[in-house]
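Structure record follows, encoded as C-alpha cells.
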Amino acid sequence: MTAVMRSAALHGDAGDPAAVPGRHATGRWWHRRPAYVTVLAFIAVLAAGAALRLWHLSSSPAWQWDEAVYYRVAANVQHGVLTEHPLYLVGGGQSPEPFLYQPPFYFLMLSRWFSVIGASIYHARLLGVILTVAMQTVLFRLLWKIHGSAVALFAIIPVIFDGWLMYIERVSYIENALMLIIAVSFLLYQRALERPSWQRFAIAGTVIGFAGSFKQTGVYVLIAVLLCWLVVRRAHKGHLVLLVAALGVLVAYVAVMVRVFDVPGHDYYIGQSTTQVRRVVGLQHSGGTLTSPGSVLHLLAAQYKFFVPSLLLALVAFVAVVRRVLQCYRARNWEPAQSNALLFSWLVTGIVVFGVSSLKFPQYFALILVPAYCFLWTEVIRWNWRQAWKGVAITAAALAGLGSFLLTVPAFSVNTLAQVQQYAATRIPANSVVVTEQSIGDLIQQPWCTVEAATNCVNAATYAITWRTYLQSSFKEGDPSFHRLMNGAVPVRSFSGVVGTATIWKLRLGQ
C-alpha cells in the first residue's frame, strides 16, 4: 500500500478520488498559488459581506422581537441594575426583578459598548456586525486548519453571503456574540487535536465552558466535542481534561449566579434559567416557537419566503450528513466521518439539539446553518465533479444568498415596533398603565403588565397593545385577566409589517 493510500485509509477516505493528491477537488492551480493570495481574496470577500451587513442597518430589517429586551436590559445595566422596564404592581409600585432568562455577559458587554458609542438598537446592531466579522475570520482560520486555505475560501463564501445569515446577523441577537465564542472554541479544540497537550485541551475546555455560560444553548458545543471524541477515538486523556475544564467553568458560573441572585424567598436565577432549559429540551413552548416541520413551510410562505434558497441548501447539507451517517453504519465504525470529524459532529449536534427544542426560529436556525454550510461545502469540494461545476455551485449559492438578502431590504423596512414606540410616546398619557407583550413593554415608558400575567393591571390598565405574527398572538398567550381586560376593548390604531402587526386598544377601566 502506498503512503497516499495509507493516509487515505487512516482518514476514512480510501477509494475517494478527492483524497488523492493531484485529484483534489480544488484543482492543481489553487495549490500553486501562495497563501497570501487566498488571504487577500478572503479579506475582499469579508469586506463585501461587512458592507452589505452595514447597508441600511438602522432601517432594515425592522426591529426584531428580542432586540427591544436586550436593548432595555443593557441600557439599565449602564445605571447599575440588571432589569428590564419594571412591571407594574398594585398600588403603583414597580417590580425590581432582575433579568436572568439569559446570562448577564452579553448585557455587560453591550452596556460598555453603549457607554462608548451611544445607546440604541442601531448601535447594538453595529456591535453585532463587528462580532460577526470577527466570527467569520475565526471560522475561516478553523476551516484552513482542517482542510487547507483553498477549501477554507471555497467554504466560507456561502457563509458570508447567505441571505438568511445576512438577515439575522444584522439584528442585535445574543447569538452573534455566541457564534464568535463557538468558533473560537472549535479553533482551540482543533489546535489541541493537531498538537495534543493537556494545556491546549484545558484552554479549549475553558472556552467551551464559557460558551455554555454565555448562553445556555452554547452547551451544545460541549456535546459536539464529545461526539467528535467518539468519532476520532484518540487523545482520550486530553478530552477528559477538556471535559473537566468545561464542567468546572459551568459549575463555577452557576454557583456564583445562585449565590448572588437567589436570595431567600426569591429564586430568580434558578427559576428563570429553568424556564430556558425547559424550552431547550422541548418541555415548554415560548411565543414564536416552531412546533412541527409543517409550520416551517407555512412560516416561509407567510413571512420568510425570501429565504427559500437557504432552506434548500440546509436540506442538501442534511442529506450530505445523513449520507455520512449511513456510511458509518454500513462500515460499523466512524472511519467514513473521520476526515471531517469536527464539522460533522458540529452539524449533527446542532440538528439534534435544536430539532427537539422549543425555541424561537430565526436566530437558532443560524446555529445550525453555519455548520451546515461548512460541512456541505467541504464535502462538495471532495466530490468527483469537474472543477467548473464546483465553481458554478458555489457561485450560484452566493448569488442566491445575495438575491435573498436584497429582497429583504425593502420588505423589512416597515418598522412596526418603532411605530408603536412613537405612538405610545406621543399619544398615550405617561401615567397610563398598559398591558402588552414583553418586547413592546421594553420600548414604552408607561408602567405595564405582561399579557401572560395581567392580574395586577385588571383595575388599573387603560390601554393594551397586542402583537400578532404567524407563530404567535397575544390572544393565545394572554391569561384570563388579560381576556377580561380585552372584553369590550376598542382598537384605536394598528401598525403592520412583514415582522408582525401591533394593535393599540382602549380599555374600559376597572373591569
Side-chain angles (χ1 to χ4, degrees), residues 49-75 101-102 106-107 109-110 113-114 117 119-136 159-182 214-215 217 286-290 299 303-304 306-307 310 354 359-370 401 404-421 437-440 442-443 467 469-472 497-500 502:
L52 287 169
R53 285 164 174 80
L54 292 170
W55 181 50
H56 281 252
L57 186 62
S58 61
S59 59
S60 181
W63 293 351
Q64 303 298 295
W65 195 238
D66 289 334
E67 286 189 286
V69 177
Y70 299 162
Y71 154 72
R72 172 69 76 166
V73 175
Y101 288 101
Q102 306 292 358
Y106 177 73
F107 307 114
M109 177 178 63
L110 190 55
W113 174 256
F114 283 167
I117 197 172
S120 72
I121 292 177
Y122 168 66
H123 291 112
R125 288 180 168 185
L126 286 176
L127 178 60
V129 171
I130 293 171
L131 292 170
T132 294
V133 170
M135 180 276 292
Q136 291 167 347
V159 176
I160 292 177
F161 290 112
D162 178 70
W164 182 266
L165 292 178
M166 280 195 283
Y167 169 74
I168 289 301
E169 289 162 354
R170 288 157 52 82
V171 177
S172 58
Y173 284 134
I174 297 178
E175 284 69 27
N176 291 330
L178 177 63
M179 280 303 304
L180 173 58
I181 300 171
I182 290 172
F214 189 86
K215 197 174 192 298
T217 49
S286 61
T289 297
L290 288 170
L299 180 63
Q303 187 170 345
Y304 296 121
F306 314 101
F307 305 114
S310 299
F354 297 109
L359 296 168
K360 291 185 178 180
F361 178 65
Q363 59 267 46
Y364 292 103
F365 185 46
L367 295 180
I368 301 175
L369 205 56
V370 170
S404 295
F405 166 72
L406 293 177
L407 290 173
T408 67
V409 175
F412 287 90
S413 62
V414 178
N415 198 333
T416 307
L417 295 177
Q419 292 172 329
V420 170
Q421 182 184 37
E437 298 274 3
Q438 180 186 27
S439 289
I440 295 176
D442 281 321
L443 288 174
W467 179 250
T469 69
Y470 170 75
L471 289 174
Q472 65 187 108
V498 176
V499 173

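All values below come from the heavy atoms of this structure, side chains included, with hydrogens, waters and symmetry mates left out. Numbers for residues simply follow the sequence, beginning at 1.
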Exercise for review: Given side-chain contact (heavy atoms from CB on, under 4.5 Å), test Leu57 with Leu54 step by step and report yes or no.
Suggested key: CA-CA 5 Å; Leu57 186 62; Leu54 292 170; 4.1 Å; yes
Practice item. For the pair Glu169 and Met135, evaluate side-chain contact (heavy atoms from CB on, under 4.5 Å) and give the outcome as yes or no after the intermediate values. Key: CA-CA 11 Å; Glu169 289 162 354; Met135 180 276 292; 3.9 Å; yes
Check your understanding: Should Thr469 and Trp65 be marked as a side-chain contact (heavy atoms from CB on, under 4.5 Å) after you check the CA-CA gap, both sets of side-chain angles, and the distance that decides it?
Key -> CA-CA 11 Å; Thr469 69; Trp65 195 238; over 6 Å; no
Review point. Between Val420 and Trp63, does a side-chain contact (heavy atoms from CB on, under 4.5 Å) hold up when you go through it step by step?
Key: CA-CA 11 Å; Val420 170; Trp63 293 351; over 6 Å; no
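Between Val69 and Ser439, the closest heavy-atom pair is CG2-OG, 3.4 Å. In this structure, Ile160 and Gly49 approach most closely via the heavy-atom pair CG2-CA, 3.7 Å. Across all their heavy atoms, Ala62 and Val499 have their closest contact at CB-CG2, 4.0 Å. When all heavy atoms are compared, the tightest approach of Asp162 to Ser310 is OD1-OG, 2.7 Å. The nearest pair of heavy atoms linking Ala177 to Leu131 is CB-CD1, 3.6 Å. Summarising the geometry of Ala50 relative to Val133, their closest heavy-atom pair is CB-CG2, 3.7 Å, with the distance given to 0.1 Å.
Residues Leu126 and Trp113 form a side-chain contact, since some pair of their non-hydrogen atoms from C-beta on lies under 4.5 Å apart. Residues Gln136 and Thr132 have side chains in contact (heavy-atom distance under 4.5 Å, counting atoms from C-beta outward). Annotation: side chain of Val159 is in contact with side chain of Leu165 (closest heavy-atom distance under 4.5 Å). With a 4.5 Å cut-off on side-chain heavy atoms, Ile168 and Glu175 do not count as touching.
Arg72 places no side-chain N or O within 3.5 Å of a backbone atom of Ala68 that could act as its donor or acceptor partner. Of the possible polar contacts, none joining the Asn176 side chain to the Val129 backbone as a donor-acceptor pair under 3.5 Å is found. Arg170 places a side-chain N or O within donor-acceptor distance of the main-chain N or O of Leu52, the cut-off being under 3.5 Å.
Between Gln102 atom CD and Ile174 atom CD1 the span is 4.0 Å, to the nearest 0.5 Å. Atoms CE and CH2, on Met166 and Trp55 in that order, are 10.5 Å from each other to the nearest 0.5 Å. Atoms CG and OH, on Leu110 and Tyr70 in that order, are 11.0 Å from each other to the nearest 0.5 Å. Rounded to the nearest 0.5 angstrom, Leu417 CG and Glu67 CD are separated by 9.0 Å. Distance check, rounded to the nearest 0.5 Å: CG of Leu369 to CZ of Phe354 gives 12.5 Å. Ser404 OG to Phe161 CZ: the interatomic distance, rounded to the nearest 0.5 Å, is 13.5 Å.
Annotation: side chain to side chain contact (heavy atoms under 4.5 Å, CB included) contacts of Ala119 (sequence neighbours excluded): Tyr71, Gln78, Phe114.
When each of Phe405, Phe307, Phe365 is paired with Tyr167, the ring-ring contact (aromatic ring centres under 6.0 Å, His included) condition holds for Phe307 and for no other.
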